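Quick caveat, the model's predicted, so the values are computed rather than measured.
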Amino acid sequence: MSHSFRQRILAAAHKVFIEKGYRQADMRSIAKEAGIAVGTIYNYYPNKAVLYQAILVQQSDELDFRIFEITRDENQHTVEKLQSITDLLLAFVVRHSSFWREIVEDPQRNVEIRDEGHKAQMRAHEQLKKHLFNVFTEATKESVWIERHVLTYIAAVTHIGVFFPEQLEENQRYVMGLVQRMLGLSRTETDIAETDIAETDIAETDIAETDIIEHIQD
């Protein structure tokens, strides 16, 4: 199947899913929207569970690219990058969470489909972790908390987006407040480490000066 033809089917399916919901959407409506025979869709997508999963994978890849572009933006500071990423992620979670709950319960979603969906989710998760690791590292290169920051951030965005889908602004404020606290913890840790180094240097200097004085006196 050509790329343009596949895109045509996926675009039509996405529109139908949005308008009707996952449960009410059917392959015949998708075929009509795409302007093709329903049998043609079945040649490539045996059921709507497979079709929706293809949409999810495609949009996950698009999301990954947009986040990657944000991480490379030298005109944005760390907090600004995390704000942009947060906005994208929360919107994505809200857009797909209700559909995902329905697709998980769909009896047409067999073991093979579940395995492929799980692989796609894990791949997207690992890519997101890499992007976030790079962003948090910009703010604190020496922090032992970076991996914890990344995992906490992902968990917060995912769960808050799912459980409070209608409260986008509140979710954004909460996540960014959490980000500020995480970055503050990292800065505190860095300050403590720098203070310890400075105090060690001073102590070593004092010892050295004392040794010199004692040597002169001897």
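Every residue was checked against the salt bridge (Lys or Arg N to Asp or Glu O under 4.0 Å) condition with K32, not counting sequence neighbours, and none meets it. D26 pairs by the salt bridge (Lys or Arg N to Asp or Glu O under 4.0 Å) definition with K20, not counting sequence neighbours.
Here Q53 contributes atom CD and N47 contributes atom CG; the two are 9.5 Å apart, rounded to the nearest 0.5 Å. A distance of 13.5 Å separates CD1 of I55 from NZ of K15, quoted to the nearest 0.5 Å. Within the model, atoms CD of E147 and OG1 of T152 stand 10.0 Å from one another, a figure rounded to the nearest 0.5 Å. Separation of atoms NZ (K130) and NE2 (H125) is listed at 12.0 Å; rounding is to 0.5 Å. One distance of note links CG of L89 with CD of Q172; it measures 11.0 Å at 0.5 Å rounding. The CG atom of L10 sits 9.5 Å away from the CD1 atom of I30 when rounded to the nearest 0.5 Å.
Contact between V175 and Y153 at its shortest, heavy atoms only, is CG1-CE1, 3.6 Å. What you find for R8 and G35 is that their closest heavy atoms are NH2-O, 3.2 Å. A pairwise comparison of heavy atoms in M27 and I41 identifies CE-CG2, 3.4 Å as the closest pair. Pairing each heavy atom of Y22 with each of A49, the nearest pair is OH-CA, 3.2 Å. Among all heavy-atom pairs drawn from A37 and A31, the shortest one is C-CB, 4.0 Å. Of all heavy-atom pairs between T78 and V135, the closest is CG2-O, 3.5 Å.
Put simply, the side chain of K129 reaches to within 4.5 Å of the side chain of L151, judged on heavy atoms. With contacts defined as side-chain heavy-atom distances shorter than 4.5 Å, the pair V94/E166 does not qualify. Between R148 and W145 there is a side-chain heavy-atom pair separated by less than 4.5 Å.
With hydrophobic clusters built from ILVMFWY side chains whose heavy atoms lie under 4.5 angstrom apart, L168 shares a cluster with L88. Side-chain heavy atoms closer than 4.5 Å link hydrophobic residues (I, L, V, M, F, W, Y) into clusters, and following such links, possibly through other members, connects F133 to I85. Cluster membership check: F68 does not share its hydrophobic cluster with L82, using side-chain heavy-atom separations under 4.5 Å among Ile, Leu, Val, Met, Phe, Trp and Tyr. A continuous path of hydrophobic side-chain contacts links I9 to V38 [ILVMFWY only; heavy atoms under 4.5 Å]. One hydrophobic cluster, built from ILVMFWY side chains closer than 4.5 Å, holds both F5 and Y42.
Taking the six-membered ring where tryptophan is involved, the planes of H159 and F163 are essentially parallel, since the angle between them stays under 30° and well short of 60°.
At least one donor-acceptor pair closer than 3.5 Å links the side chain of S60 to the backbone N or O of L56. The backbone N or O of D73 sits nowhere less than 3.5 Å from a side-chain atom of Q76 that would complete a donor-acceptor pair. The backbone N or O of R23 lies less than 3.5 Å from a partner atom in the side chain of K48, making a donor-acceptor pair. Proximity of a side-chain donor or acceptor of N171 to a complementary backbone N or O of F164 within less than 3.5 Å is detected.
Between the side chains of Q83 and D87, a donor-acceptor pair is found at a separation under 3.5 Å. A donor-acceptor contact closer than 3.5 angstrom is absent between the side chains of E138 and H77.
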Exercise. Yes or no on side chain to side chain donor-acceptor pair (under 3.5 Å) for H14 and Q59, after CA distance, side-chain angles and deciding distance?
Worked result: CA-CA 10 Å; H14 184 246; Q59 295 194 0; 3.2 Å; yes

Exercise. Between I154 and L132, is a side chain to side chain contact (heavy atoms under 4.5 Å, CB included) present by the stated rule, with each step listed?
Worked result: CA-CA 9 Å; I154 293 174; L132 291 170; 3.6 Å; yes

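Remark: of the listed residues L63, T158, I67, L63 is the sole one forming a side-chain contact (heavy atoms from CB on, under 4.5 Å) with F92. No option in K81, M182, H131 other than M182 meets the side-chain contact (heavy atoms from CB on, under 4.5 Å) test with F136.
For E69, the CD atom is densely surrounded, since the number of other residues' heavy atoms within 6.0 Å is greater than 12. Other residues, nucleotides and ligands contribute more than 12 heavy atoms inside 6.0 Å of the CD atom of E126.
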